[in-house]
Structure formats: structure tokens, C-alpha cells
Amino acid sequence: MIEFYNVTYGVDKTPILNNISLRIVKGEFVYLAGASGAGKSTVLSLIYMENLPDEGTVIIDRYSTAKIKQKEIPLLRRRVGVVFQDFRLLMDRTVFENVAFPLRVIGTKSKDIKRKVFRVLAEVNLSHVRNADPAKLSGGEKQRVAIARAVINNPFIVLADEPTGNLDDDSALEIMSIFEKINRQGTAVLMATHNQSLIQRFPHRNLYLNKGYLIKP
Amino acid sequence: MIEFYNVTYGVDKTPILNNISLRIVKGEFVYLAGASGAGKSTVLSLIYMENLPDEGTVIIDRYSTAKIKQKEIPLLRRRVGVVFQDFRLLMDRTVFENVAFPLRVIGTKSKDIKRKVFRVLAEVNLSHVRNADPAKLSGGEKQRVAIARAVINNPFIVLADEPTGNLDDDSALEIMSIFEKINRQGTAVLMATHNQSLIQRFPHRNLYLNKGYLIKP
Amino acid sequence: MTFWFTLKEGLKGFKRARLATSISIVSVAFALLLLGLFMVFTANVDRLIGDLRSRIELEVFLEPVIEQSVGMKIASEIALMEGVSDTRFISKADAANRFEKQFGRNIYEVLDTNPLPPSVIIHINEGYRKAASVREIAGRIAAIDGVDEVAYQEDLLQVIDKYIHIVYLISGAFGGILLVIAFILLHNTIRLTILARKDIIQIMKLVGAKEAFIRRPFIVEGLLQGLIGGIIANALLWMAVALSRHYFFEAVVFPYIFFAVLVIVGVLIGIISSKMSVSKYLKAVL
Amino acid sequence: MTFWFTLKEGLKGFKRARLATSISIVSVAFALLLLGLFMVFTANVDRLIGDLRSRIELEVFLEPVIEQSVGMKIASEIALMEGVSDTRFISKADAANRFEKQFGRNIYEVLDTNPLPPSVIIHINEGYRKAASVREIAGRIAAIDGVDEVAYQEDLLQVIDKYIHIVYLISGAFGGILLVIAFILLHNTIRLTILARKDIIQIMKLVGAKEAFIRRPFIVEGLLQGLIGGIIANALLWMAVALSRHYFFEAVVFPYIFFAVLVIVGVLIGIISSKMSVSKYLKAVL
Ligand SMILES: Nc1ncnc2c1ncn2[C@@H]1O[C@H](COP(=O)(O)OP(=O)(O)OP(=O)(O)O)[C@@H](O)[C@H]1O
Ligand SMILES: Nc1ncnc2c1ncn2[C@@H]1O[C@H](COP(=O)(O)OP(=O)(O)OP(=O)(O)O)[C@@H](O)[C@H]1O
Ligand SMILES: [Mg+2]
Ligand SMILES: [Mg+2]
């Protein structure tokens with residue numbers, strides 16, 4: 001369902017990823033570990049196609065970087081939920097509208113939007129700040145808004161870039177249980193993380209990146 | 001050296017901090033723990049005086065919120081290094097210039113700036129990206145730039161808001177050893193963090209916040 | 001559904017970027033006001049030139065010995081000719097009065113008889129106030145029995161004919177420059193308001209919004225900026241016209257179509273600029 | 001040291017916000033061009049009115065029986081009077097020629113003798129071309145022996161005197177409105193370029209920079225925007241003047257001081273706007 005074939009990617013002749021091949025099947029839960037600057041966020045960016053590989057092919061669902069048309073990219077992204085490392089919230093609207101945005105994009109009815117957003121906000125413990133300005137939230141609260149937005153649209157895979165980095169251990173456990181739950185419902189999860197204790201507590205397949213190379217386990 | 005006397009702070013009638021009293025002495029290393037949204041970042045903001053208490057007094061070095069003049073605040077801030085949770089890098093200039101900024105502010109000579117910045121960048125392992133655009137760095141790299149900027153000016157205290165949130169364990173250990181080192185040199189450190197394993201590995205006094213209240217140990 | 005969502009989003013864009021949008025509206029209003037002032041100015045210059053042309057008169061000198069009644073018959077004959085709007089008969093006595101005015105002496109002081117010829121002063125219809133047509137009319141009149149000579153300020157007419165082009169050219173060039181300037185100013189302002197939101201545009205794209213979906217509310221916002229700016233410009237322009245009617249000329253010309261022109265120009269620039277700017281940032285990220 | 005750092009920072013600001021700054025410079029240039037065009041326009045209208053006034057002439061009719069030599073003596077006597085710039089003597093023969101031109105007939109065809117008086121045409125010095133002064137001069141001339149009557153277009157003079165105020169008032173009002181518009185447009189553009197960097201300003205403040213330290217490079221940047229915009233405006237204005245000299249009037253007036261005025265206005269607005277906007281965001285955070 002997600003396949004990398006000998007993917008190489010660089011910026012300005014600096015290689016960032018070298019000859020990466022990997023496969024994530026439907027409904028799998030996979031960690032992406034590696035030191036700071038190893039290329040984890042870059043791997044994720046190739047999946048939601050913010051970046052395209054210099055060499056090799058990335059295949060996501062029925063889309064291949066070899067032949068995807070530019071106007072198909074939004075359709076791909078609606079099926080992939082992303083928790084960005086720097087959150088990338090829409091700072092010009094409320095928490096509610098941030099979470100609702102992926103539903104607005106596909107033209108969901110207002111009533112359904114309201115119902116779904118309320119449910120997801122409750123799951124991440126943010127019901128009380130739904131009308132707040134995201135800029136004023138604490139780091140962990142922003143992170144949870146990003147998570148809510150990533151899962152609202154029932155994607156087939158959620159890419160989570162360090163989704164517990166700004167969370168205390170209790171909140172991190174809660175968030176992990178949310179990811180476990182959506183994973184049990186059939187959604188694949190690819191989580192870039194440094195949190196070794198989480199990896200040990202919730203064991204799943206682990207991809208390890210080192211300076212742009214995928215290390216065989 | 002840092003003293004909170006019955007400090008209360010809120011926004012729009014929502015209380016965020018309630019009746020906080022604490023003291024951090026010269027050269028101490030103190031953790032500030034607590035769940036997401038407990039008010040850790042807000043406590044730090046009262047120290048560098050982005051926010052002023054609604055009630056009570058905060059005394060930092062020779063400045064008291066009761067009588068500090070607005071134009072003295074920059075002077076205070078030059079003595080307090082802050083690693084912001086969201087980094088707050090100057091996105092319009094290079095990594096080098098970001099780290100150099102606190103020195104420019106006090107009019108340090110270019111030659112000295114170069115020497116000092118190079119040394120600090122080497123300590124946080126960022127020498128190779130010194131001319132990069134901060135927006136393009138990985139999460140952990142941005143965090144290390146923020147740390148470098150906080151310590152460049154030999155502050156008497158460094159406030160670090162979740163400074164290892166985006167770092168893998170190895171990098172986190174390295175960063176911790178940097179903080180330990182500057183602490184040994186006499187700089188106080190107040191670190192808001194969720195990372196229990198770090199707290200256990202490097203034991204120091206721990207302040208615990210819960211929903212805006214400081215819990216007595 | 002989508003239409004209303006788009007409109008609502010466009011309106012919300014105002015609130016979301018309140019400062020930028022209000023700065024932009026003020027700029028739009030003032031650039032359009034400028035354009036409006038120039039249009040009013042041009043309309044008034046045009047009216048003035050029309051006035052000048054309407055003052056053209058031909059003086060037809062008749063034979064000095066002609067009977068007054070015959071002269072008046074010739075005058076009414078001329079009045080019926082194509083291109084002539086009206087005629088006025090100047091008798092020998094009227095001519096003597098004019099002589100005195102012009103030379104400061106009564107002609108009867110110097111002479112016993114009045115040697116001055118009677119004449120007919122004629123005005124020309126609007127469509128015929130050009131050197132060529134007037135010359136043609138003068139020729140036809142000169143052929144009438146009893147007419148001695150036809151005099152008119154041919155050189156003035158030629159000057160008007162010649163300079164009118166220059167006046168219109170200058171007005172046109174100035175108006176063109178002004179339109180370009182107003183366009184550039186509005187366009188730049190709207191670009192800057194969207195530049196301030198380029199992150200938002202890029203995030204929307206990364207979260208799966210199609211380009212059209214992102215673009216539409218911004219276009220609506222640009223349209224509304226142009227519309228509101230146009231309305232404010234109209235109000236200011238109307239005040240300026242009312243003030244100048246009160247203090248300077250009551251006769252300031254102000255075609256109400258200008259109101260529509262300003263609003264339309266504002267709305268078009270708003271739409272085009274928003275669309276161009278948003279597209280730029282949409283292209284900046286994959 | 002600090003001066004050079006500030007200047008360098010201001011220059012770097014250009015590179016750091018290249019798009020915003022270039023949009024702003026273009027806006028500044030065009031708003032100033034506008035102002036320049038208007039100043040040129042006004043200067044030319046002023047020249048034109050001066051021209052019109054310089055055409056004022058008085059015609060002094062002498063006694064018809066006077067000797068030509070006496071008439072010429074009177075003419076040179078008048079030429080020496082205060083306010084008179086030059087005189088031209090029209091003999092009886094010249095008057096006869098003028099009669100023929102005006103009435104279409106040779107005066108000797110009708111009469112044996114020439115009854116037309118000789119006259120003196122006089123022009124007035126620049127400072128005296130007002131209805132009151134001219135009336136006073138005419139009075140003094142009328143008192144001279146041998147002068148029969150003094151004729152001039154008093155009504156034309158009164159019209160110029162009356163309307164000149166209105167023309168200057170309108171020009172002044174229009175110029176004032178234009179200055180306000182140009183100011184608002186520039187100010188808004190520069191505000192928007194700084195709005196796009198408000199985060200930077202706030203971060204600087206949080207890291208211990210004093211307000212003046214943050215403000216200075218932005219002010220330098222605003223100054224440079226105004227300066228560059230002014231220079232571009234001057235180049236465009238000079239092109240416009242050169243083109244209109246080539247295609248329309250060779251005599252287009254263009255005082256070179258305008259170059260300086262545009263640059264100074266641009267620089268002032270750049271400085272003031274930057275300063276105001278930065279201060280706003282400096283106050284937004286403690
Ligand atoms: N657009 C870019 N231009 C230049 N260098 C880039 C760009 N994007 C990423 N890099 C570099 O590529 C390397 C990998 O970046 P990436 O963000 O993928 O790391 P990461 O594994 O996510 O690290 P972290 O754990 O710190 O977030 C980094 O050294 C980064 O500086
Ligand atoms: N300017 C503000 N306006 C409204 N609410 C605010 C503002 N600043 C902070 N808050 C709220 O105050 C609470 C405490 O925020 P703070 O950032 O101090 O938490 P924190 O302990 O740092 O959390 P985290 O670990 O998630 O960073 C949060 O619920 C936050 O939403
Ligand atoms: Mg990363
Ligand atoms: Mg925080």
C-alpha cells in the first residue's frame with residue numbers, strides 16, 4: 001500500500017535520503033526512528049508528496065510518483081492524515097475550524113462536520129478550547145489539534161511526525177492509545193518518534209534511519 | 001535570584017496560574033514538570049516578562065515586576081537565555097545570524113561574534129548548517145539552534161521549554177550534557193520538560209505544576 | 001452550498017486578516033478616488049471644449065446698398081441651410097454702434113452717410129463645428145445673391161481642430177498612466193495582503209485542498225475589497241464634486257456612470273490581483 | 001559601528017523580504033510618479049496663465065488730427081511710465097489696414113479722407129497685469145494731452161483675475177488630495193511589508209533587543225524604499241516629459257527641483273511609515 005523503490009532524494013546536491021526501499025501494508029503500525037536530521041520528516045514528505053523522489057518510485061495506494069498528475073495530489077492527501085512536526089495549524093481560524101478543514105475540503109455537510117469534529121476533539125481532550133485561537137494554545141494542545149485534524153477524515157494511513165514530542169507522559173499514553181485505536185479500526189500508522197519508552201511499551205515494527213540510509217534490522 | 005511571591009495570572013478571566021510561590025537560587029538546576037496545559041510555558045513567560053502577573057510579584061535578579069520600567073525589560077532579557085517551545089527563530093536570516101543576534105544586540109565586535117557563535121554551534125553539532133535557512137532545518141536542528149541562541153550570551157539563567165522534545169535520545173543526552181556543563185559553570189537552568197527518563201537520569205530539584213497550581217513535593 | 005461556503009469564507013477572510021484587509025480597502029478606495037477625480041476632470045475639460053466650439057460664429061457681410069427687408073430675407077434663408085443653427089441680422093444702424101464701440105468714435109461725427117454694410121451673424125450646429133464643414137457652409141453662403149463676403153475666425157477653428165487632438169491625447173495618455181498607476185497600486189496592495197497569508201495557503205494545500213477550493217475565498221475577498229473600496233471611492237468622489245459645486249462652479253459635470261465605472265474597475269482589479277497572487281503561492285509548493 | 005551595522009541590516013532587510021520590498025518600491029515609485037505628473041501639470045497651467053496675462057494690451061486712441069511725429073512722441077512718453085513694458089505706434093495708415101481686415105472693405109473705397117485716429121498699443125509689465133493696476137495706468141494715460149480715449153478688455157482682465165483664484169484653488173485642492181492619496185498609498189504599502197514581518201519584530205524583542213535597535217534597520221529600509229522609489233519615479237517622470245515634449249509641446253515646463261521634491265517626499269514617507277508600523281508591533285508585545 002505504501003512502497004518505496006530505491007528512493008533517493010536530495011536538496012541542492014546534498015543527499016538527504018539514499019536508496020530507500022520499504023513497504024507498509026494495509027493496517028500496519030510502523031515506527032520510523034533515527035537521530036535528529038536522519039531524514040524521518042523527509043520520508044514522510046515523500047508519502048504525502050510535498051517532495052518527489054529524485055530517483056526511484058514511491059507508490060501510495062493507487063498513486064505512483066512516476067505517473068501521478070498534479071491535480072491528483074489533493075485526492076491522495078485526503079486519504080493520508082498528517083501530523084506535522086511543527087503542527088502547521090491554520091493560525092487565522094479557530095481550533096474547531098482547523099479540525100473541520102479536511103471535511104470542508106470534501107464538502108461534508110455542516111451538521112456532520114459539527115458532530116464529527118466534536119467527537120474527535122473530545123477524544124484528544126480539547127473540547128474546552130474548540131473556539132480558541134491556536135496561537136494561544138500550549139505546545140501539547142497544538143499537537144493534539146494537529147492529531148485531531150489528521151484523523152478526522154478517516155484516512156487509510158496516518159503519518160505522525162513526533163506526535164508526542166510536546167506531551168507529558170500521561171498525555172502521550174492517551175495519544176498513543178488513540179493511534180492504537182484507529183489502527184485497530186484498520187488505519188495504518190507511520191510514526192516518526194524518538195520516544196524509546198513508547199516504542200518499548202507499544203511494540204511494533206521499527207524502521208531505523210541513519211544519515212539518510214535505512215538500516216536493516 | 002528568581003522569586004515568585006503568590007503569583008496569579010490569567011487571560012480573559014480564565015485563571016492559568018494560581019498563587020504560585022517559588023525560589024530558584026544562583027546556579028541551581030530545576031525541572032518544571034506537569035501535564036500539557038498545566039502552565040509551564042506561562043511560568044517561564046513570567047520570568048522573561050512577556051507576561052506580567054495579575055497578582056503577586058516576580059523578582060528576577062535585581063528586577064521586580066512591581067517596579068521594573070518598560071525600557072529595562074530588554075536589559076533583563078539579555079541576562080536570561082530562553083529556548084522557546086516553538087523555537088521562535090528569525091526566519092528571515094541564517095542559522096549563524098540567529099545565534100549571533102543576542103550578541104549583535106549588545107554591540108559585540110564582529111570578530112568576537114564569529115568566534116563565539118562558531119564555538120557554540122560546534123557544541124550543538126550544527127556547524128555544517130550555519131549558513132542554512134532555519135525554515136529548512138529538521139525539528140531537532142531548529143531546537144538546537146534555539147539552544148545555541150539561548151546560551152551564547154552567558155546568561156545567569158537559561159529557561160528551556162521542552163528543549164529535548166524534538167530530539168532523539170542520543171541528541172537529548174548530548175543537549176542535557178550541554179545544560180549540565182553550563183550549569184556547572186554557574187548558570188542556573190530552569191527546564192520545563194516531560195521527559196521522565198531524563199529527569200531520572202539527571203536528578204535535580206523538580207517543581208510540579210498541576211492545572212496552574214504548584215504541587216508541594 | 002459551495003457558493004455560500006465560498007462567500008462565507010471570503011467574508012470571514014476579512015475578519016481573519018482584519019488589519020491587512022482594511023489597509024487594502026483604504027488603498028483601493030484612494031486609488032479609485034484618484035481615477036474618479038481624473039474622470040471628472042476630463043469630463044469637465046470636454047464640456048469646456050464643447051462650449052468653446054459652440055461660440056464659433058460666422059459674420060456674413062451683405063452688399064452695403066441692400067434693403068433691410070431683403071437682408072432679413074437672406075438671413076432667414078441662411079437659417080434654413082444645413083448645419084446652421086441660428087442667425088441674427090445686424091442692420092446698418094447696429095453696425096454703426098459696433099463701429100463706435102470698436103474705434104471709440106461715432107461714425108456720424110466723421111461722415112454724413114453710414115458706409116458700413118448690414119450683416120448676418122450665424123451660429124453653427126454641433127456636428128458642423130469643424131474647420132472643413134464651416135468652410136463649406138461659408139462657401140455656400142457666399143454664393144447667395146446679395147452676400148458680399150463671409151468672415152469668420154478660420155484660424156481659431158483650425159487651432160481648436162488641431163489642439164483638440166492634443167488635448168484629448170494628453171488626457172488619454174494621462175488617464176492611461178493613471179489607470180496603470182491605480183492598477184499597480186491596487187495590485188501591489190492586494191498582493192501584499194496575500195503574501196502575509198502564504199503559509200495558510202501552503203498548509204491548506206498540504207492538507208488536501210484543491211487549488212480552486214483555496215483560491216475561491218481569496219478571490220471573493222479581493223472582489224469584496226474592490227467593491228467596498230469602490231463604494232468608499234464613490235462617496236469621497238461625490239463629496240469632492242459637491243464641495244467644488246458649492247465653492248467653485250455650480251456647473252461641474254458629473255456623469256453618474258462614473259460610479260459604476262469605479263466599482264467595476266475596483267472589483268476587476270480585486271479579482272485579478274487575488275487570483276494571480278494566490279496562484280503564485282499555490283505553485284510555490286507541490 | 002552601530003551606524004554601519006544599521007545600514008547593513010537595512011540593506012539586508014531588502015534581501016530578506018525581497019518580494020515585499022520590491023512590491024513596495026514599485027508602489028512608492030508609481031505614487032510619486034503620480035505626484036510628479038501633477039506637479040508638472042500645475043507648473044504648465046501656471047505658465048499658460050502667465051502667457052495669457054502677458055497678452056493683455058491697451059489701445060490708446062489719439063486725437064485724429066494729431067501729427068504723426070507728435071503721436072510717436074506720446075508713444076515714447078507712455079513707454080516710460082511705471083508699469084508699461086513696451087509701446088507700438090499705429091499710424092492712420094496702419095489703422096486703415098486694420099479697418100479693411102476687420103470690415104472687409106478698403107476705407108478709401110468709401111471715403112476720400114481717412115477718419116481713423118492713430119493709436120498706441122501698449123503692453124504691461126508682469127507685476128501690473130491686474131484689473132486694478134491696469135485701470136490706474138489707463139487713467140494716467142488718458143490724462144496725457146493728445147490722448148482721446150484708452151480702450152482695453154477690462155472684462156477679460158476681470159475674468160482672469162476672478163478665475164485665476166479658482167484655478168489655483170482647484171489646482172491646490174487637487175494637489176492636496178493627490179498628496180494625501182499618495183501618502184496613504186505609500187503608507188499602507190509600507191505598513192503591509194512590515195505587517196508581514198511582525199513575528200520577527202516580536203521575537204527580536206523577546207530576545208532582548210531594545211526598541212530603537214529593532215526599529216532602526218526598518219527605518220533605514222523605509223528610507224531606502226522611498227529613495228529608490230523616488231529615483232524610479234524621477235526616471236519615469238523624465239521619460240513622460242521627454243515624450244510629451246517630443247510629441248505634443250516642445251515648451252513643456254519642467255523645473256528640475258521636482259526631482260528633489262519627489263525623492264524627499266518618498267524618503268520622508270518611507271521613514272515615517274516604517275517608524276509608525278514598527279512601533280505598532282513593538283507595542284503589541286511586552
Ligand atoms: N528543503 C531543505 N533544504 C535543505 N536541507 C534540508 C531541506 N529539508 C531537509 N533538509 C535537511 O535534511 C536533513 C534531514 O531532515 P529531516 O527533517 O528529514 O530530519 P528528521 O529525521 O525529521 O530530524 P528531526 O528528528 O530533527 O526532526 C536535515 O539535515 C535537514 O537540514
Ligand atoms: N494568551 C492566552 N490566551 C488564552 N489561553 C492561554 C494563553 N496562554 C496560555 N493559555 C492557556 O493556558 C494554559 C497553560 O498554557 P501553557 O502554555 O503554560 O501550558 P504548558 O504547561 O506549557 O503546556 P505544554 O506542555 O502543552 O506546552 C493552556 O490551557 C493554554 O491554552
Ligand atoms: Mg523531523
Ligand atoms: Mg508549554
Side-chain angles (χ1 to χ4, degrees), chain B residues 41 44-53 65 68-94 97-111 113 133-135 145-146 148-155 159 161, chain D residues 1-24 190 192-222 224-225 274-275 277-286:
Chain B
S41 301
L44 301 185
S45 75
L46 289 166
I47 297 176
Y48 58 84
M49 297 195 188
E50 183 180 6
N51 296 312
L52 295 178
T65 53
I68 192 167
K69 294 197 200 82
Q70 205 170 316
K71 58 178 196 180
E72 292 175 324
I73 293 180
L75 304 178
L76 160 68
R77 288 182 182 156
R78 291 174 194 182
R79 314 232 39 228
V80 177
V82 188
V83 183
F84 297 95
Q85 194 169 11
D86 51 359
F87 319 136
R88 305 209 188 170
L89 301 179
L90 299 165
M91 289 303 182
D92 63 346
R93 58 201 75 196
T94 61
E97 281 302 328
N98 267 276
V99 177
F101 192 79
L103 298 176
R104 301 259 183 234
V105 160
I106 56 171
T108 308
K109 286 210 195 70
S110 285
K111 223 178 55 189
I113 289 179
D133 170 0
V145 177
R149 184 180 63 186
V151 302
I152 189 83
N153 206 4
N154 296 319
L159 309 177
D161 200 349
Chain D
M1 174 66 203
T2 320
F3 172 76
W4 287 113
F5 174 71
T6 304
L7 190 67
K8 255 168 54 189
E9 278 292 294
L11 279 168
K12 279 187 198 157
F14 269 46
K15 272 217 324 244
R16 286 176 188 144
R18 200 168 325 169
L19 181 66
T21 322
S22 48
I23 292 175
S24 178
I190 292 175
L192 285 172
T193 66
I194 289 174
L195 169 67
R197 284 180 284 171
K198 72 172 207 276
D199 291 345
I200 306 273
I201 293 171
Q202 296 183 354
I203 292 171
M204 286 178 168
K205 202 168 170 188
L206 289 179
V207 178
K210 287 198 181 163
E211 305 205 344
F213 181 89
I214 300 171
R215 208 187 284 123
R216 254 184 271 124
F218 281 97
I219 292 176
V220 170
E221 215 186 298
L224 290 174
Q225 277 174 29
S274 304
K275 193 167 168 171
S277 313
V278 174
S279 299
K280 183 186 163 97
Y281 298 114
L282 282 171
K283 288 212 177 54
V285 78
L286 199 63

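Values reported hereafter were calculated over all heavy atoms of this structure, with side chains retained and with hydrogens, waters and symmetry mates removed.
The number of heavy-atom neighbours closer than 6.0 Å to NZ of D/K275, taken from other residues, nucleotides and ligands shown, is 12 or below.
The pair D/R197-D/E221 counts as a salt bridge, with a side-chain nitrogen and a carboxylate oxygen less than 4.0 angstrom apart.
In this structure, chain D has a heavy atom under 4.5 Å from the side chain of B/I73, while its backbone stays farther away. For chain B, no part of D/K15 is nearby; none of its heavy atoms comes within less than 4.5 Å. Both the backbone and the side chain of B/R104 come within contact range of chain D, judged by heavy atoms closer than 4.5 Å. In this structure, chain B has a heavy atom under 4.5 Å from the side chain of D/E9, while its backbone stays farther away. Using a 4.5 Å cut-off between heavy atoms, B/L75 touches chain D through its side chain atoms alone.
Within the 4.5 Å cutoff, the side chain of B/F87 has no heavy atoms near those of the B/V145 side chain.
With chain B as partner, the option from D/I200, D/L206, D/V285 having the largest number of non-hydrogen pairs under 4.5 angstrom is D/L206.
Between B/N98 and B/R93, the closest heavy-atom pair is ND2-O, 3.3 Å.
Note: D/F218 and D/Y281 fail the aromatic proximity criterion, with ring centroids not under 6.0 Å apart.
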